Protein chains: 2
Amino acid sequence: MEKKVTLKELAKQLNVSISTVSKALNDSPEISPQTRKKVKELADLNYYVPNVLAQNLKTSHTKTIGVIIPAILPHFFAEALHGIETKASELGYRIIICISNESIQKEAESIKTLINGQVDGLIMSLSKETQAKMDIDHIKTLFNHKVPLVLFDRVLDQISCDKIQINDSLQAELATMELYNSGCKKIAFFSGISNTSVSNERKQGYLAALKNLDIKEKVISFDPEKFPEKKLVGLISRKEIDSVLASDELGAILVMKSALDAGYKIPKDLSVIGFTNGTMSKHFRPSLSTVDQHAQDQGKLALETMVDRIEGKLSEKFSNYTLETSIIHRDSTRRNF
Amino acid sequence: MEKKVTLKELAKQLNVSISTVSKALNDSPEISPQTRKKVKELADLNYYVPNVLAQNLKTSHTKTIGVIIPAILPHFFAEALHGIETKASELGYRIIICISNESIQKEAESIKTLINGQVDGLIMSLSKETQAKMDIDHIKTLFNHKVPLVLFDRVLDQISCDKIQINDSLQAELATMELYNSGCKKIAFFSGISNTSVSNERKQGYLAALKNLDIKEKVISFDPEKFPEKKLVGLISRKEIDSVLASDELGAILVMKSALDAGYKIPKDLSVIGFTNGTMSKHFRPSLSTVDQHAQDQGKLALETMVDRIEGKLSEKFSNYTLETSIIHRDSTRRNF
DNA sequence: CTGAAAGCGCTTACAG
DNA sequence: CTGAAAGCGCTTACAG
């Protein structure tokens, strides 16, 4: 098999100049139809594909966008990534993805490998560590290199850039209200993802609702690896709680499992609402009522915003989108309202 | 904010040549320690990062690998992708991902956008359509462009390249045997992913086991969007089946749900084994016994193989890895064996 | 130890 | 309508 064919070789074979070949291939009106045809035929015959690296070097944009997310396994991120990829391929962009594994260091490394010209912009959802420590030095290097940034879902006020979010706090407040309206009076908040801005927002919303309702708060943070089963069961048996708002899907499922295993009925003895509408929510028995975060839409919007920014269609001022969300009512909550 | 700083500017500021700067930055022993230090300091000060595009153009390798998968939402692929990314970042490679959405056309487009020099090699898992139609013309263009290919999970014999698989047929056979040994005598095979090589392999394994056992086969293909609930319940109530091997996770979950909803007990009335060890398998009640496909390992091995191929560490002959898999016993099967 | 020069594969003003 | 030349930002033999 011969080497990859270049403009140079095509030019030699046709006895014309490289410029002519280049222009012909790009359908420049400068070139005569006959030459254009001749060039294209030979190019096809040789499976010629222009080297993007060289093209990019000239045009200095790459039509590829970097994506750094904390993980892909959680349904929310897989779904968001799906949205990003779909929109990207629609708009003719490629995506390079890096996973930070919730670590600030890995995040910084990924940024470093991506700001070297191979990417027109960066879409990120921040790692837990970055959010917790509010350490954003590594993010700032982006701006030193004039690489535009779009943040989605896990954002930070300190960073000024385009942002896509959902109104987590409001949604949590509404979800809490719904539990109340369906007859629940002792509502607990369970979080398996403390340390993230979203979990915090959701807690704030929960607390705000309780304040209005004049209900006592009960916030429980836990490590998903060791769910506090006994504690939950104790709370139910002592009738200290009759419902749970969980800040994430897995948390909600673990709450339901523990309650069911202990012999309680859902939603009769315990109502549950989760966040993130994943496959588990849909297929668990009973199915889980949940706040839909519209992960795909967040991803799509992030990508669109990025492209608009790159192509100069946005004003200097950064945009801050807050997506509408909705509560999906399923079988883990009562309907009497 | 100034323009991106280049070697040229650093050279000008230091009153040395571009070559010197380049060599200094690359720690060439040709350059005196003092100059090296001076250059590096200025580079840091200016946040200099070499333009990979230019580097690649010279060295003609990009240290990035393209990945084309049919989807990211199914747990298997998310997990495989996770493995690929992890290993890539370990070995200093970046990955560009494209999703074919199970379509041959999208697959072909993705290949086209990736073979233009921006990728050192391609890792793929084939779309259903590609596997069903055995249409591999678009794959062949890869070879015309001398881009190495590694196939994992969904492969095709007609394509000669490095391959990573699990022994689906054998695993299905073993899983069927296990159902038998645990006392099941009427074993059905449910597939929500017909049209894929893996589903077919698994069916073959199932059939092979039944043949040995002299049991009558019962194969049911269905569209995951409309699971044949009545049919399943009918089969159970008429005692025509006492167990199910499902070719995928969602299929297994749907089988369990339908049976449970109809009032049957698992595993007492119906034993179930699935494929793909996802979160649903783990958290469903009862938890699902399943064949672990070691998705992450497949991903990691695919990436490693790719890198070895690129770096010339592999012999001309293509390798064909078959990974060991294992059955994870949980609560959807009986233990009396 | 330092630098001038060629070249990676392309694009694009500028001449002719 | 066609081509020579410069340049994108780097690397690397080759001279000095």
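Since the model is a prediction, treat every value here as computed from it, not as a measurement. Lettering of chains follows the sequences in order, A, B, ..., and the numbering in each one begins at 1.
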Requested in this report: Using the salt bridge (charged side-chain N to carboxylate O under 4.0 Å, His left out) rule, take A:Lys87 and A:Glu90 through it: C-alpha gap first, then chi angles, then the decisive distance, then the call.
Outcome: CA-CA 5 Å; A:Lys87 196 46 111 183; A:Glu90 212 178 295; 3.2 Å; yes
Which is true for [X] with a 4.0 Å heavy-atom rule: it touches a base, it touches only sugar-phosphate, or it touches nothing?
X	value
B:Asn26	sugar-phosphate
A:Ser19	base
A:Ser22	base
A:Thr59	nothing

Between [X] ([atom1]) and [N] ([atom2]), how many Å, whole number?
X	N	atom1	atom2	result
A:Leu25	D:dT2	CG	P	14 Å
B:Leu10	D:dG9	CG	C1'	12 Å
A:Leu53	D:dT11	CG	C1'	14 Å
B:Asp27	D:dT11	CG	C1'	15 Å
B:Ile31	D:dT11	CD1	P	13 Å
B:His61	D:dT11	NE2	P	11 Å
B:Asn56	D:dT12	CG	P	12 Å
B:Gln34	C:dT2	CD	C1'	13 Å

Looking only at side-chain N and O atoms, does [Y] offer a donor or acceptor that is under 3.5 Å from a partner on [X]?
X	Y	result
A:Arg154	A:Gln165	no
B:Asp153	B:Ser125	no
B:Thr6	B:Glu9	yes

**Report entry** Phosphate-side-chain proximity, A:Tyr48 and C:dC10, N/O vs OP1/OP2 below 4.0 Å
**Finding:**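 Yes, because at least one side-chain N or O of A:Tyr48 sits under 4.0 Å from OP1 or OP2 of C:dC10.
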Query raised in the report: Think A:Gln55 has a side-chain N or O under 4.0 angstrom from the OP1 or OP2 of C:dG9?
Result: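 For A:Gln55, the contact criterion (side-chain N or O under 4.0 Å from OP1 or OP2 of C:dG9) is not met.
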Requested in this report: Could you check A:Ala54 against A:Ile18 and say which one's nearest nucleotide on DNA chain D is further toward the 5' end?
Outcome: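 Mapping each residue to its closest nucleotide by heavy atoms, the 5'-most match is A:Ile18.
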Report summary line: Which of D:dC10, C:dG9, D:dT2 is nearest the side chain of B:Leu7? It is D:dC10
Query raised in the report: When you measure from the side chain of A:Thr6, which nucleotide among C:dG9, D:dG9, C:dG3 comes out closest?
Result: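 Out of C:dG9, D:dG9, C:dG3, the nucleotide with an atom closest to A:Thr6's side chain is C:dG9.
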Requested in this report: Show your working on salt bridge (charged side-chain N to carboxylate O under 4.0 Å, His left out) between A:Asp27 and A:Lys40 and close with a plain yes or no.
Outcome: CA-CA 10 Å; A:Asp27 270 324; A:Lys40 284 189 180 172; 2.8 Å; yes
**Report entry** Nearest-nucleotide 5' precedence on DNA chain C, A:Glu30 against B:Ser32
**Finding:** B:Ser32
Query raised in the report: With nearest nucleotides of DNA chain C determined for B:Val16 and A:Lys23 from heavy-atom distances, which residue corresponds to the more 5′ nucleotide?
Result: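 Comparing both residues, the 5'-ward one is B:Val16.
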Query - Watson-Crick or G-U counterpart of C:dC1, or none if no pair lies under 3.5 Å - result: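 D:dG16 is the nucleotide pairing with C:dC1.
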Query raised in the report: For the base of C:dG9, is there a side-chain donor-acceptor partner from B:Lys58 under 3.5 Å away?
Result: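 There is none.
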Query raised in the report: Does the B:Gln131 side chain pair with the main chain of B:Val155, one donor and one acceptor, at a distance under 3.5 Å?
Result: yes
